Amino acid sequence: MNFRDLVYRLYARRVEGRLDHDQVPKHIGVILDGNRRWAKASGGSAVQGHQAGADKISELLGWCSETDVEVVTLWMLSTDNFDRPEHELKPLLRIIENTVRNLAADGRWRVHHVGTLDLLPAETQLVLKEAEQSTSHVDGIIVNVAVGYGGRQEIADAVRSLLLEHAERGTTFEELAEIVSTDLISEHLYTRGQPDPDLVIRTSGEQRLSGFMLWQSAHSEYYFCEVFWPAFRKVDFLRALRDYSARHRRFGA
């Protein structure tokens, strides 16, 4: 171990020691940003960057497990990402599939897909469905894998699901207009039954949500980290938790 690594570990331990575990967020959303820029800066390819980002996920979940986080949502592929060239999108989908398989095989996480399945290739859909089914019994951190996800698309899908459900019941438009509410729409979101994210972390220095969990993040705290996702360290994670715990959440009160 070199001197730099020793200093880093000591600092990380100091930050962790000062962390108030009673104030740890129960649901953390993470925008995994900066894979391609990390690869470019290190002289690698975009595919190498995406693979390095995928490898970082298991570390993150380990840190979350140590700090009593209950739900983690990982934005792995947005609906906008489908505009990328095919030579980059295909390898990215293979990396995502392998990552989801590994998460399911780990045995500690309950995998849940959030996103629009119909947008994804058949093989990717199958991997996501199998991972969700095989881990449904796991009593561990819920890991939402946001693949083919867009915040506006989620709201549109929720409204569509709500309309179809009540159409099958024979509810008239007038009756539906009387009962529609934010709670009713929430019951049709991809994350229904889960707590909304307390904290949203975005790496790479970008300070925008880009449509991530638009509905659920209404009262979330945000933490924007300068480092690219593959370079995200435990101390960066702990800093985000420390920053969150120091805030006084009033929820508009």
Side-chain angles (χ1 to χ4, degrees), residues 1-2 4-19 21 24-39 41-42 44 46-77 91-92 94-114 127 131 135 138 140-147 197-206 212 222-245:
M1 181 188 301
N2 59 38
R4 183 179 180 181
D5 290 338
L6 177 61
V7 171
Y8 161 71
R9 289 195 178 189
L10 289 173
Y11 177 64
R13 190 174 301 170
R14 181 182 179 186
V15 175
E16 188 168 10
R18 294 183 175 182
L19 187 65
H21 281 255
V24 168
K26 295 305 179 184
H27 182 174
I28 297 178
V30 188
I31 302 174
L32 317 176
D33 196 19
N35 292 338
R36 293 188 296 177
R37 280 171 285 169
W38 176 87
S42 59
V47 172
Q48 289 172 321
H50 291 311
Q51 185 60 62
D55 295 339
K56 180 63 61 173
I57 288 173
S58 61
E59 290 185 63
L60 171 72
L61 294 178
W63 305 333
C64 289
S65 182
E66 293 171 4
T67 48
D68 302 322
V69 175
E70 298 176 358
V71 183
V72 181
T73 299
L74 306 167
W75 201 5
M76 303 174 71
L77 184 75
L92 175 55
R94 300 293 86 77
I95 290 170
I96 289 172
E97 291 165 7
N98 289 332
T99 301
V100 172
R101 288 192 188 98
N102 291 337
L103 290 174
D106 183 282
R108 291 180 292 170
W109 326 121
R110 179 148 46 109
V111 180
H112 174 64
H113 172 244
V114 296
V127 170
T135 62
V138 175
I141 291 177
I142 298 173
V143 181
N144 294 320
V145 287
V147 182
D198 303 296
L199 175 65
V200 174
I201 300 172
R202 181 167 189 160
T203 56
S204 86
E206 302 291 347
F212 182 62
Y222 306 122
Y223 185 83
F224 300 107
C225 182
E226 292 293 328
V227 301
F228 297 135
W229 170 245
F232 192 72
R233 304 165 299 172
K234 184 176 183 179
V235 71
D236 298 311
F237 174 72
L238 293 173
R239 282 171 176 163
L241 297 194
R242 182 185 62 183
D243 183 84
Y244 169 85
S245 65

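When reading the values below, keep in mind they use all heavy atoms of this one structure, side chains included, and skip hydrogens, waters and symmetry mates. The structure displayed is predicted, hence computed values, not measured ones.
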Margin query: As a quick check of understanding, evaluate side-chain contact (heavy atoms from CB on, under 4.5 Å) for L60 and F237, giving each step before the final call.
Written below: CA-CA 8 Å; L60 171 72; F237 174 72; 3.8 Å; yes

Heavy-atom donor-acceptor pair, [X] side chain to [Y] backbone, under 3.5 Å:
| X | Y | result |
| --- | --- | --- |
| D106 | N102 | no |
| T203 | D33 | yes |
| T135 | V111 | yes |
| R202 | I31 | no |
| D198 | H27 | yes |

Considering all heavy atoms, the nearest [X]-[Y] contact:
| X | Y | value |
| --- | --- | --- |
| V147 | H113 | O-NE2, 2.8 Å |
| A131 | V100 | CB-CG1, 3.4 Å |
| V138 | R110 | O-NE, 3.1 Å |
| V47 | I95 | O-CD1, 3.7 Å |
| A54 | T99 | CB-OG1, 3.3 Å |
| S204 | F228 | CB-CD2, 3.7 Å |

Checklist line | Sequence-distant partners of A52, side-chain contact (heavy atoms from CB on, under 4.5 Å), two or more places apart | finding: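 With sequence neighbours excluded, A52 shows a side-chain contact (heavy atoms from CB on, under 4.5 Å) to W38, P230, given in chain and number order.
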
Output the distance between atom [atom1] ([X]) and atom [atom2] ([Y]), rounded to the nearest 0.5 Å.
| X | Y | atom1 | atom2 | answer |
| --- | --- | --- | --- | --- |
| H112 | T73 | NE2 | OG1 | 8.5 Å |
| W109 | I141 | CH2 | CD1 | 4.5 Å |
| N35 | W229 | CG | CH2 | 9.0 Å |
| I28 | L74 | CD1 | CG | 10.5 Å |
| L103 | L61 | CG | CG | 6.0 Å |
| K26 | L199 | NZ | CG | 13.0 Å |

Margin query: For a quick check under 3.5 Å, do R108 and S65 share a side-chain donor-acceptor pair by atom type?
Written below: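 No.
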
Next item on the list: For the residue pair V200 and F212, establish whether any side-chain heavy-atom pair is separated by less than 4.5 Å.
Entry: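 Side-chain contact under 4.5 Å: yes.
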
Next item on the list: Could you tell me whether the side chain of V145 reaches within less than 4.5 Å of the side chain of V143, counting heavy atoms only?
Entry: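 Yes, at least one pair of side-chain atoms sits under 4.5 Å.
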
Notebook entry, point to check: After noting the C-alpha distance and the side-chain angles of N144 and V72, does the key distance pass the side-chain contact (heavy atoms from CB on, under 4.5 Å) rule?
Noted result: CA-CA 6 Å; N144 294 320; V72 181; over 6 Å; no

Check: W63 vs F232 aromatic rings, parallel, tilted or perpendicular, using cut-offs 30° and 60°?
Finding: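 W63 and F232: tilted rings.
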
Checklist line | Working for side-chain contact (heavy atoms from CB on, under 4.5 Å), residues V235 and R239 | finding: CA-CA 6 Å; V235 71; R239 282 171 176 163; 4.2 Å; yes

Note to self: Between R36 and H50, is the side-chain contact (heavy atoms from CB on, under 4.5 Å) condition met? List the steps.
What the structure shows: CA-CA 7 Å; R36 293 188 296 177; H50 291 311; 3.8 Å; yes

